Amino acid sequence: MDIQDISRFYQEQVSGRPVVYVIVGNLKCIDMKKLAEYGTIVEVQKKEIYK
């Protein structure tokens, strides 16, 4: 595998699809207004993740 394989995979499988970022941390330490400038924020609780 080389960089061309990775680039081809990205172009064929990833490019153009929505991207999801996961941020884990204390809400008191996160500037939610600044974060909202990058897109929709969906807050979930631990119990929703670890069912």
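All values derive from a computational prediction rather than experimental measurement. Reckoned from all heavy atoms, side chains included, excluding hydrogens, waters and symmetry mates. Numbers here are sequence positions counted from 1.
I30 CD1 to L35 CG: the interatomic distance, rounded to the nearest 0.5 Å, is 7.0 Å.
Heavy atoms from other residues, nucleotides or ligands lying under 6.0 Å from CD of Q45 number 12 at most.
Applying the side-chain hydrogen bond (donor to acceptor under 3.5 Å, both in side chains) definition to pairs two or more places apart or across chains, those involving residues 6-20 are D5-R8.
Cluster partners of I6, using a side-chain heavy-atom cutoff of under 4.5 Å among ILVMFWY residues and allowing indirect links, are M1. Side-chain contacts under 4.5 Å among hydrophobic residues (ILVMFWY), followed directly or transitively, place Y50 together with V42, V44, I49.
Under the 4.5 Å side-chain heavy-atom criterion for ILVMFWY residues, no single connected hydrophobic cluster contains both V24 and L27. Y38 and M32 fall into different hydrophobic clusters, where Ile, Leu, Val, Met, Phe, Trp and Tyr are joined by side-chain heavy atoms under 4.5 Å apart, directly or via other members.
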